[in-house]
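Working notes, beginning with the structure itself.
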Amino acid sequence: MQRILSDQLARHTGGAVRIAGWVHRRRLLKSVAFLIVRDAAGLAQVVVTDPAVRAAVEALPEETVVEVTGTVVGNATAPAGVELTDPTVRPLGAPAVPPPFDLYRPTLTASLPTQLDNAPVALRHPSRSAALRVSAAAVAGFRATLDARRFVEIHTPKVVASSTESGANVFALDWFGRPAYLAQSPQFYKQLMVGVFERVYEVGPVFRAEPHDTVRHLAQYTSLDAELGFVTDHRDVMAVLQDTLAGTLDVVGDRAGAALATLGVELPAVPGQIPAVHFTEALKIAGAPADEPDLAPAHERALGEWARREHGSEFLFVTGYPMAKRPFYTHPDPARPAYSNGFDLLFRGLELVTGGQRLHRYADYLAALAARGESVEPYAGYVDAFRHGMPPYGGFAIGLERLVARLTGAPNIREVTAFPRDLHRLTP
RNA sequence: GCCGACGUAGCUCAGUGGUAGAGCAUCCGACUGUCGAUCGGAGGGCCGCGGGUUCGAUCCCCGUCGUUGGCGCCA
């Protein structure tokens with residue numbers, strides 16, 4: 001008999017079926033026992049009246065993996081409207097050791113560190129796995145949207161010989177006796193691949209050895225990167241980003257609707273035109289001094305509230321960040337060279353995306369590095385490629401975990417990361 | 001790295017200068033259909049670690065380790 005998933009039970013009403021999953025919960029009454037089985041699709045109720053079967057169920061603690069065959073019966077008093085009766089129950093493994101907290105409660109009451117310490121079982125809780133389903137759907141949506149726009153998915157090295165950004169903190173490792181580093185971003189490689197495919201994207205891990213100990217930082221996170229050629233300036237990149245976000249969220253709605261319902265959240269609308277403010281304007285809105293070189297988290301939160309209030313938008317572009325705060329490959333604003341054609345996208349007051357137009361002329365790279373007092377030599381493999389012809393181009397990178405955290409309302413990015421890596425956590 | 005908070009039962013927390021409590025979990029028992037089942041009983045603690053003050057410290061002080069929130073920085 002073929003195994004079916006719990007959400008298919010109703011289609012087999014009156015028939016005999018086989019299900020399998022984890023003992024989610026047992027409710028043992030005098031004359032009847034209920035066995036709730038959890039599988040990938042949800043929960044199924046099994047009704048046990050036979051004394052021998054009941055004795056077997058009593059010996060199977062929560063989280064034990066079992067296989068159940070029985071008859072599907074419609075019953076209005078069953079949680080799902082159907083249940084399995086007259087069952088045989090067979091454990092598929094040894095009786096489970098109970099987790100340190102209850103997985104069958106509607107909310108996971110363990111504190112976040114306890115959950116993270118016990119991630120393999122904590123993630124089984126519907127609230128935790130739902131966030132991971134949203135994450136998976138977001139990645140699928142990112143890929144689908146860009147595939148449909150003739151982007152080509154690439155895979156770039158995660159071990160590199162030098163850091164992407166000068167002065168940034170990298171994880172050093174030994175590469176056959178030579179110094180090497182974990183990649184902080186696919187930045188250079190995706191830019192070079194514009195010369196091959198015009199439009200590329202990558203979904204992959206990036207590593208930041210920065211001592212940021214906050215609810216929005218991880219030492220390893222998943223970057224949704226895209227880069228495209230033949231743009232006029234950063235505004236073309238912003239338009240593609242807007243499209244990509246809309247497409248991504250559409251797929252999240254389609255594929256993770258049940259997960260969103262579990263979490264009790266609704267997807268935000270991506271405006272047809274995401275409001276955009278220049279950096280100098282953003283400082284005024286946030287009430288920051290005009291000579292501030294960057295936006296502080298409090299400023300970003302204020303801007304997020306402003307965007308919602310003034311534009312009814314959960315998203316806000318901030319354009320024209322000062323060149324001084326952007327990496328050397330950033331394209332300046334031709335009209336105001338102290339400001340860049342770089343932008344950030346704030347989502348609900350949190351920096352979600354960084355992007356912009358990049359330099360595409362070899363001579364501009366030489367000048368940019370010279371102006372920063374940096375040698376070309378460490379970047380030669382990257383910069384030299386621009387002698388061979390590159391179109392005007394730009395791109396962006398979305399922080400996946402930040403996106404999911406903001407979508408699901410999780411206050412801490414670690415809640416939506418299966419096995420987070422941060423300053424303090426290297427296991428499990 | 002700086003500033004703050006916290007560290008008591010498996011989990012979540014209360015508490016007091018006189019060697020400790022609750023809810024849930026666990027174990028035992030009861031219960032004709034549960035819906036986070038319910039009810040009764042039992043077991044379970046170097047009160048993070050080290051030092052100090054005190055007749056006496058889980059409580060006060062210092063240090064240390066760990067956790068956590070904010071900031072710097074970033075996606």
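Chain A is the first sequence line, chain B the second, and so forth, proteins listed ahead of strands; every chain is numbered from 1. What's counted below: heavy atoms across the whole structure, side chains too, no hydrogens, waters or symmetry copies.
In this structure, A/V206 reaches neither bases nor backbone, as no heavy-atom distance under 4.0 Å exists between it and the strands shown.
The main-chain N or O of A/E58 is found under 3.5 Å from a side-chain atom of A/R26 such that the two form a donor-acceptor pair.
A sub-4.0 Å separation between OP1 or OP2 of B/rG66 and a side-chain N or O of A/H424 is absent. Residue A/R301 has a polar side-chain atom (N or O) positioned under 4.0 Å from OP1 or OP2 of B/rC71.
RNA chain B is contacted by both A/S111 and A/D102; A/S111 maps to the nucleotide lying nearer its 5′ end (nearest heavy atom per residue). Nearer the 5' end of RNA chain B, as judged by each residue's closest nucleotide, is the contact made by A/D422, out of A/D422 and A/A397.
Ring-plane geometry between A/H360 and A/H331 is classed as parallel, the angle between the planes falling under 30 degrees on a 0 to 90 degree scale with a further cut at 60. Ring planes of A/Y339 and A/H278: perpendicular class, angle over 60° (limits at 30 and 60°).
In this structure, of B/rC11, B/rU34, B/rA75, it is B/rA75 that holds the atom nearest to the side chain of A/R208. Considering only side-chain atoms of A/R216, the nucleotide from B/rC71, B/rA25, B/rG69 that sits closest is B/rC71. Side-chain proximity of A/A296 to B/rA25, B/rA75, B/rG72: nearest is B/rG72. Taking only side-chain atoms of A/P113, from C-beta outward, the nucleotide of B/rG69, B/rU67, B/rC73 with the closest atom is B/rU67. Nearest to the side chain of A/Y104, among B/rC74, B/rA25, B/rU34, sits B/rA25.
Judged purely by distance below 3.5 Å, without hydrogens or angles, the side chains of A/Y379 and A/Y329 never pair a donor atom with an acceptor atom.
Using a 5.5 Å limit on the distance between ring centres and a 30° limit on the angle between planes, the aromatic ring of A/F101 does not count as stacked on the six-membered base ring of B/rA25.
For B/rC74, its base sits under 3.5 Å from the side chain of A/R402 at one donor and acceptor pair at least.
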